**Student:** 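Sharing a structure with you now.
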Amino acid sequence: AAFKNAELQEVILPNTVTFIDKEAFAENKVIKTVYAINATKIGEKAFYNCINIKNLFLGQITEIGAYSFYNACKNQYDVYGTTFRLNLFRLTNVPDGAFTNSGLGSFVADFVDNIGKDAFSECAAIATLKINCLLRMPEGAFKGCASLNNVEIGNLSYIPRGAFST
């Protein structure tokens with residue numbers, strides 16, 4: 001928990017950092033910007049409850065932990081200039097609660113084949129969803145995503161009850 005509860009507004013990590021560990025920034029209500037341009041793995045709850053984070057500059061993410069962006073960027077998703085956009089093209093799994101209640105505006109991933117419970121629930125800002133290889137979707141995966149208006153999902157054979165309920 002390197003930056004947990006730290007009173008820092010901006011963190012620039014060296015290019016050698018490829019993994020942001022479990023709860024590294026969790027509960028940090030002050031942080032606004034994180035530069036970790038070579039980070040490809042994000043640990044469980046790494047940005048958990050970082051409600052005021054505005055800019056995340058990360059590498060090509062291949063792995064994220066459960067609840068890693070839970071409640072992140074919540075207060076910033078409607079602010080002009082917010083860049084809570086992640087490079088997720090190489091991601092294959094979205095674990096439980098990964099983006100729950102976050103300010104994520106879009107999700108485009110070519111190789112995701114599994115989404116965990118409540119992975120995107122209550123993401124009020126998400127408008128675009130594109131997943132090409134999704135094999136499994138749990139109930140309520142996109143529950144409460146009121147702004148969702150562009151959805152493309154490939155390979156899915158079953159949409160469970162309440163998957164997109166508001």
Side-chain angles (χ1 to χ4, degrees), residues 19-29 31 34 36 39-79 82-166:
F19 177 60
I20 297 177
D21 206 356
K22 179 180 180 178
E23 298 182 7
F25 293 91
E27 302 292 345
N28 189 318
K29 307 250 186 332
I31 193 100
V34 175
T40 58
K41 294 182 180 179
I42 310 299
E44 183 177 311
K45 295 184 178 180
F47 293 97
Y48 183 91
N49 214 22
C50 290
I51 60 173
N52 290 309
I53 201 158
K54 182 177 179 182
N55 301 298
L56 274 174
F57 300 97
L58 306 174
Q60 288 189 359
I61 298 172
T62 58
E63 183 180 322
I64 58 176
Y67 304 96
S68 50
F69 296 99
Y70 178 95
N71 216 25
C73 199
K74 182 179 179 181
N75 290 343
Q76 300 298 324
Y77 73 83
D78 59 351
V79 176
T82 296
T83 54
F84 187 31
R85 295 181 192 96
L86 304 173
N87 184 341
L88 302 168
F89 294 108
R90 297 177 62 199
L91 190 66
T92 59
N93 179 50
V94 179
D96 293 352
F99 296 101
T100 298
N101 206 32
S102 75
L104 186 67
S106 68
F107 183 83
V108 178
D110 289 336
F111 303 107
V112 168
D113 60 10
N114 183 58
I115 292 177
K117 182 180 178 195
D118 296 325
F120 297 91
S121 69
E122 307 303 330
C123 283
I126 194 167
T128 302
L129 170 68
K130 183 178 180 187
I131 305 173
N132 291 329
C133 298
L134 187 62
L135 301 175
R136 180 186 163 287
M137 179 190 299
E139 266 185 46
F142 298 95
K143 175 184 71 188
C145 296
S147 298
L148 196 58
N149 61 25
N150 184 5
V151 177
E152 293 179 41
I153 300 175
N155 292 339
L156 190 63
S157 60
Y158 172 72
I159 297 177
R161 180 187 60 178
F164 293 94
S165 63
T166 53

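Keep in mind that the numbers below use all heavy atoms, side chains included, and drop hydrogens, waters and symmetry copies. Note that the structure is a prediction, hence the values are computed from the model and not measured.
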**Student:** For residues 143-166, which residue pairs pass the ring pair (Phe, Tyr, Trp, His ring centres under 6.0 Å) check, not counting sequence neighbours?
**Tutor:** Phe142-Phe164
**Student:** If you take all heavy atoms of Asn114 and Leu134, which pair is closest and at what distance?
**Tutor:** N-CD1, 3.9 Å
**Student:** Surrounding CZ of Phe19 (heavy atoms of other residues, nucleotides or ligands, distance under 6.0 Å), is the total greater than 12?
**Tutor:** yes
**Student:** Heavy atoms only: give me the nearest Ala125-Gly103 pair and the separation to one decimal.
**Tutor:** CB-O, 3.9 Å
**Student:** Are the side chain of Thr128 and the backbone N or O of Asn150 linked by a donor-acceptor pair below 3.5 Å?
**Tutor:** no
**Student:** Under 3.5 Å, is there a donor-acceptor pair between the side chain of Asp96 and the main chain of Lys117?
**Tutor:** yes
**Student:** Tell me whether Ser147 contacts the main-chain N or O of Ala127 through its side chain, where contact means a donor paired with an acceptor under 3.5 Å.
**Tutor:** no
**Student:** Between Tyr70 and Phe99, is the gap from one ring center to the other below 6.0 Å?
**Tutor:** no
**Student:** I'd like to know if the side chain of Arg161 and the backbone of Glu139 have a donor-acceptor N/O pair within less than 3.5 Å.
**Tutor:** no
**Student:** Starting at CE of Met137, measure out to OG of Ser157 and round the result to the nearest 0.5 Å.
**Tutor:** 10.5 Å
**Student:** Would a 4.5 Å heavy-atom cut-off, applied to side chains only, mark Ile61 and Leu88 as touching?
**Tutor:** yes
**Student:** Could you pull out the closest heavy-atom pair between Pro95 and Ala66, with the gap in Å?
**Tutor:** CG-N, 3.5 Å
**Student:** Quick check for you: to the nearest 0.5 Å, what is the distance between Asn71 atom CG and Lys29 atom NZ?
**Tutor:** 8.0 Å
**Student:** side-chain contact (heavy atoms from CB on, under 4.5 Å) with Ile131: which of Leu156, Ile115, Val151?
**Tutor:** Ile115
**Student:** Does Ala24 offer a backbone N or O that forms a donor-acceptor pair with the side chain of Asp21 under 3.5 Å?
**Tutor:** no
